[in-house]
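Input: a single structure, listed below in structure tokens.
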Amino acid sequence: MEHKVQTAKQQESVYWHLASHGVPHSLHCLCLKLAEEYAVNAMARSRLPPPEFASRLSDPTLHHLVLLTDNVLAASVVVASTLENSFNPEKLVFHIVTDKKTYASMHAWFATNSVESAVVEVKGLHQYDWSEEMNAGVKEMLETNHLIWKHYYDKEKNIDYSNLNALRPSSLSLMNQLRIYMPELFPDLKKIVFLDDDVVVQHDISSLWDVDLNGKVSGSVFKSWCEDNCCPGSKYMNYLNFSHPLISSNFDGERCGWLYGMNVLDLDAWRRTNITETYRKWLKLNLKSGTALWNPGVLPPSLIAFDGQVHPIDPTMLVTDLGYRYNSEEISKESLEAASVIHFSGPAKPWLEIGFAEYRSLWGRYVNFSNKFIRRCRIIG
């Protein structure tokens with residue numbers, strides 16, 4: 001019976017994994033319909049932003065927000081929720097970077113669902129004119145990540161079900177990896193707020209641009225609202241392998257880790273550091289050590305690369321883990337309502353059928369259900 005229970009748990013994990021990383025028919029439909037609209041409708045191809053607002057894209061007095069995503073629906077919710085809850089939406093400038101296959105759909109959405117007060121830029125990776133050195137660095141980083149991924153998945157062997165996180169498509173996603181090249185993506189910007197595409201902005205976040213980072217590169221939320229000053233499972237020792245001498249000799253396992261989802265980034269300060277090169281260096285070391293340095297994911301190598309360069313910001317501004325079955329049960333209603341940003345980190349994204357009904361409504365209220373493509377593709381909130 002114990003063996004049957006263990007087998008059932010393993011199967012559940014595999015099914016959960018497959019369900020969380022498939023592309024729902026409704027989202028695929030939305031992308032196809034918008035790509036068709038881009039091809040046949042001149043308005044869907046209109047410039048973003050309009051020429052008269054182009055100067056705002058690098059205006060340091062405005063509030064610049066960045067999204068790296070290939071999910072049109074998720075991007076629309078981030079933009080809509082931020083605008084609706086902003087005290088000064090006219091100061092907001094959204095920079096949305098997507099890949100080549102999603103560019104037409106993403107552009108068509110924001111061109112035909114124009115934002116009156118703020119500025120939205122949609123840019124495809126194919127539109128960047130990077131140097132040969134930059135292209136070589138990105139290619140090398142992706143190849144390293146692919147080799148790490150292959151370590152956990154080999155068609156000739158059994159899949160390592162204990163590390164399903166490593167098999168997520170996001171571990172190979174170029175959009176996910178490019179966050180470490182933020183200064184190169186936005187050479188004309190000095191300070192930005194970076195948002196993941198699985199967040200909802202519930203309150204005004206303009207105060208983030210006034211945060212004094214004290215010379216640090218990033219302003220991030222630490223999981224430090226628990227009684228012991230660092231919530232369980234959030235210390236460096238929970239992300240990095242301190243039994244390996246390379247880790248134990250360089251880092252403190254008791255340090256509290258910070259969170260992705262909502263980050264203030266001083267790009268000028270970043271340019272004066274070697275954060276990006278450090279990130280790439282440790283990816284190679286992890287591969288050389290047989291992926292023994294950390295648990296799978298983007299955050300562990302980022303903890304290493306940004307070590308000593310992160311300034312804590314008010315932890316009540318961000319509530320995370322809304323996509324995990326067990327962690328989400330511990331989130332109080334009060335902290336959820338008070339949070340400026342809620343993050344659906346974890347596999348149960350709100351646009352999936354496995355998304356939790358009690359939280360999906362917080363996301364669904366910002367979906368534009370009056371849009372003809374949303375209706376035709378039967379997207380649920």
Side-chain angles (χ1 to χ4, degrees), residues 13 145 148 152 160 162-166 168 170-171 176-177 179-180 194 196 198-199 211 213-265 273 275 278-279 281-283 285-287 289-332 335-336 339 341-348:
S13 296
N145 274 287
I148 292 172
Y152 294 98
D160 182 2
S162 64
N163 277 301
L164 284 175
N165 279 341
R168 290 184 179 186
S170 60
S171 65
N176 217 19
Q177 303 295 333
R179 63 183 71 197
I180 201 64
F194 174 69
D196 276 342
D198 53 351
V199 306
V211 172
L213 300 180
N214 293 319
K216 303 292 180 66
V217 171
S218 175
S220 304
V221 168
F222 288 73
K223 265 194 171 181
S224 57
W225 52 79
C226 301
E227 292 181 2
D228 61 352
N229 290 328
C230 194
C231 296
S234 303
K235 295 181 179 180
Y236 271 39
M237 66 174 64
N238 302 117
Y239 298 102
L240 308 175
N241 178 18
F242 278 84
S243 64
H244 197 288
L246 262 179
I247 298 295
S248 57
S249 61
N250 284 284
F251 306 101
D252 178 8
E254 292 296 319
R255 290 191 66 175
C256 197
W258 47 270
L259 299 169
Y260 269 131
M262 177 192 75
N263 308 90
V264 185
L265 298 173
T273 70
I275 286 174
T278 301
Y279 184 93
K281 169 193 162 186
W282 279 91
L283 280 185
L285 288 173
N286 188 39
L287 182 61
S289 69
T291 70
L293 299 186
W294 56 72
N295 295 329
V298 176
L299 184 57
S302 298
L303 292 177
I304 292 175
F306 283 91
D307 192 52
Q309 289 290 349
V310 182
H311 178 77
I313 58 179
D314 183 359
T316 64
M317 289 194 71
L318 177 69
V319 166
T320 187
D321 292 342
L322 296 185
Y324 288 104
R325 282 173 288 183
Y326 307 112
N327 301 38
S328 60
E329 296 171 0
E330 302 172 1
I331 300 171
S332 70
S335 62
L336 195 63
V341 177
I342 56 174
H343 188 193
F344 289 84
S345 56

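Counting begins at 1 with the first residue of the sequence.
In this structure, Pro347 and Tyr324 have side chains that are in contact, with non-hydrogen atoms separated by less than 4.5 Å.
Leu318 CG to Lys223 NZ: the interatomic distance, rounded to the nearest 0.5 Å, is 9.5 Å. To the nearest 0.5 Å, atom CG of residue Asp198 and atom CG of residue Leu322 are 9.5 Å apart. In this structure, CZ on Phe306 lies 10.5 Å from CG on Leu299, to the nearest 0.5 angstrom. With rounding to the nearest 0.5 angstrom, the OG1 atom of Thr320 is 10.5 Å from the CE atom of Met262. Here Ile304 contributes atom CD1 and Thr278 contributes atom OG1; the two are 10.0 Å apart, rounded to the nearest 0.5 Å. Interatomic distance, Trp294 CH2 to Asn286 CG, rounded to the nearest 0.5 Å: 4.0 Å.
Between Gly261 and Asn263, the shortest heavy-atom contact is N-OD1, 3.5 Å. Contact between His311 and Phe222 at its shortest, heavy atoms only, is C-CE1, 4.2 Å. Lys235 and Gly253 get closest at one heavy-atom pair: CB-O, 3.5 Å. Shown here for Pro315 and Val221, the closest heavy-atom pair between the two residues is CA-CG1, 3.7 Å.
Residues passing the side chain to side chain donor-acceptor pair (under 3.5 Å) test with Ser218, sequence neighbours excluded: Ser220. In terms of the side chain to side chain donor-acceptor pair (under 3.5 Å) criterion, residue partners of Ser243 (sequence neighbours excluded) are, by chain and number, Asn241. For Asp307, the salt bridge (charged side-chain N to carboxylate O under 4.0 Å, His left out) test picks out Arg255, with sequence neighbours left out. For Ser289, there are no side chain to side chain donor-acceptor pair (under 3.5 Å) partners two or more places apart in sequence or in a different chain.
Side-chain N or O atoms of Ser345 include one that pairs as donor or acceptor with a backbone N or O of Asp321 at under 3.5 Å. Under a 3.5 Å cut-off, the side chain of Asp314 and the backbone N or O of Thr316 do form a donor-acceptor pair. The main-chain N or O of Val298 is found under 3.5 Å from a side-chain atom of Ser302 such that the two form a donor-acceptor pair.
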TODO: Check the pair Tyr279, Gln177 against side chain to side chain contact (heavy atoms under 4.5 Å, CB included), reporting the backbone distance first and the verdict last.
DONE: CA-CA 10 Å; Tyr279 184 93; Gln177 303 295 333; 3.4 Å; yes

Open item on the list: As a quick check of understanding, evaluate side chain to side chain contact (heavy atoms under 4.5 Å, CB included) for Thr273 and Gln309, giving each step before the final call.
Closed with: CA-CA 9 Å; Thr273 70; Gln309 289 290 349; 4.0 Å; yes

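Within the structure, ring pair (Phe, Tyr, Trp, His ring centres under 6.0 Å) pairs that include any residue of residues 233-257 comprise Phe251-Trp282 (at least two apart or interchain).
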